[in-house]
There are 2 protein chains.
Amino acid sequence: MKRAFNVVQADLNQTLKPLGLRMVTYSALVLIVDNPGLRQSQLAAALDVERANLVVIVDELERRDLISRDRVPSDRRAYALNPTPAGRHLYERALEAVRGHEARMLNGMEEETKQVVIRAMSRIRRGSEGGSRGG
Amino acid sequence: MKRAFNVVQADLNQTLKPLGLRMVTYSALVLIVDNPGLRQSQLAAALDVERANLVVIVDELERRDLISRDRVPSDRRAYALNPTPAGRHLYERALEAVRGHEARMLNGMEEETKQVVIRAMSRIRRGSEGGSRGG
DNA sequence: TATTGTTATACTCTATAACTATA
DNA sequence: TATAGTTATAGAGTATAACAATA
């Protein structure tokens, strides 16, 4: 699993390199475009990254004018993260590139196999969320 | 996949902690016990770790008397890595602990599902080995 | 008191270059 | 000239503590 993930990560980073993105900045951009107004702490939780480490990731996206940090009037401690038009544009280009990456990684894999793998991964992930509810 | 791997790695490291092993030292020990006489460069390739970084891993196992570095008479540049009795003993204990870890991670997963996932991972790994032979 | 974002920092992993002793 | 192991070091990624502003 580690080896497979290493291969996927290496190919994904190569795929995103021409766009100036890494796996984590890509993931952050996608989440912000899909959930405009997201707060940094929510994004950190969604990415499973420490808030402290997310700061530099958001800095990077903001510096490139892909997103903006907007003060939340109702809670002046927090920032709402919103994509800029440039951010939405890069998002579209990145999604297209990642489709190619996925096709490469899953090269000719049967649809049912993909679904079985995705379900197994989700199950392993969720297995760590305490609780003992089956599923 | 990243998230699932993070969960697996965290649980595996917790599992191995009481034995004083990490994922990589466990993997190295297993490979040395299963392939006594292995050379460092071969082990580095098998683990997909730089030779330079393997040195400290082997140092750690040697310092704990789990393995020995034995000069190869036919090539005095190389070291043959062999497990000590203590290394073989810890190997057995670690294997037992890892069986529990796997049971936790795959909790109740159907045998066929496991096989499908393992095959998919192998395929993704091998997909990066150049060549264009189909599979 | 607690939380959001931030800074500083340390620790681990990983990658690269250069060295030694052999071949 | 090339290879096995080693050292030193630099760069990522990640984790923790402490702070200011705000709740």
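Basis for what follows: all heavy atoms, side chains included, without hydrogens, waters or symmetry-related copies. Reminder, nothing fancy here: chain letters follow the sequence lines and each chain counts from 1.
- At whole-Å resolution of the value, CG in A:Asp75 and C1' in C:dG5 are 11 Å apart.
- For the pair B:Arg22 CZ and C:dT14 P, the computed distance is 9 Å after rounding to whole Å.
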task = Apply the test salt bridge (charged side-chain N to carboxylate O under 4.0 Å, His left out) to residues A:Lys114 and A:Glu111: give CA-CA distance (whole Å), side-chain angles for both, the deciding distance (0.1 Å), then the verdict.
result = CA-CA 5 Å; A:Lys114 294 187 212 170; A:Glu111 191 56 37; 3.5 Å; yes
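- When the P atom of C:dT12 is taken as reference, atom NZ of B:Lys17 falls 11 Å away, rounded to whole Å.
- Not a single donor-acceptor pair, N or O on each side, falls under 3.5 Å between the base of C:dT22 and the side chain of B:Arg76.
- Nucleic acid contact class of A:Asn53 (heavy atoms, under 4.0 Å, all strands): base.
- Atoms CG (A:Leu38) and C1' (C:dT4) sit 14 Å apart, rounded to a whole Å.
- A donor-acceptor contact shorter than 3.5 Å is absent between the side chain of A:Asn107 and the backbone of B:Gly127.
- Under 4.0 angstrom from either OP1 or OP2 of C:dG5 there lies at least one side-chain N or O belonging to A:Ser41.
- For D:dT14, one of the phosphate oxygens OP1 or OP2 lies less than 4.0 angstrom from a side-chain nitrogen or oxygen of B:Lys2.
- With C:dT22, D:dT6, C:dG5 as the candidates, the nucleotide lying closest to the side chain of B:Arg69 is D:dT6.
- The CG-C1' distance, from A:Asp48 to D:dT14, rounds to 11 Å in whole Å.
- Computed from coordinates, the A:Met23 CE to D:dG13 C1' distance equals 12 Å when rounded to whole Å.
- One finds no side-chain N or O of B:Arg39 lying less than 4.0 angstrom from the OP1 or OP2 phosphate oxygen of D:dT3.
- Counting any heavy atom pair closer than 4.0 Å across all strands shown, B:Gln40 reaches sugar-phosphate atoms only and no base atom.
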query = Would A:Arg3 and B:Ser122 count as a side chain to side chain donor-acceptor pair (under 3.5 Å) if you check the C-alpha gap in whole Å, the side-chain angles of each, and the deciding distance to 0.1 Å?
reply = CA-CA 9 Å; A:Arg3 297 290 208 77; B:Ser122 302; over 6 Å; no
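- Counting to the nearest Å, the C1' atom of D:dG13 and the CZ atom of B:Phe5 are 14 Å from each other.
- Side chain to side chain, B:Arg119 and A:Thr113 fail the donor-acceptor criterion of an N or O pair below 3.5 Å.
- For the pair A:Arg71 and A:Tyr79, the cation-pi test (distance below 6.0 Å, angle within 45°) is passed.
- When the nucleotides D:dA23, D:dA2, D:dA15 are ranked by their closest atom to the side chain of A:Glu50, D:dA15 comes out on top.
- Comparing A:Arg71 and A:Ala52, the nucleotide of DNA chain D nearest to each residue sits closer to the 5' end for A:Ala52.
- If you check every strand for non-hydrogen atoms under 4.0 Å, A:Arg51 touches a base.
- Per the geometry, CG belonging to B:Asp59 stands 9 Å off C1' belonging to D:dT6, to the nearest Å.
- Taking for each of B:Val55 and A:Val56 the nucleotide of DNA chain D with the nearest heavy atom, the 5'-most of the two is the partner of B:Val55.
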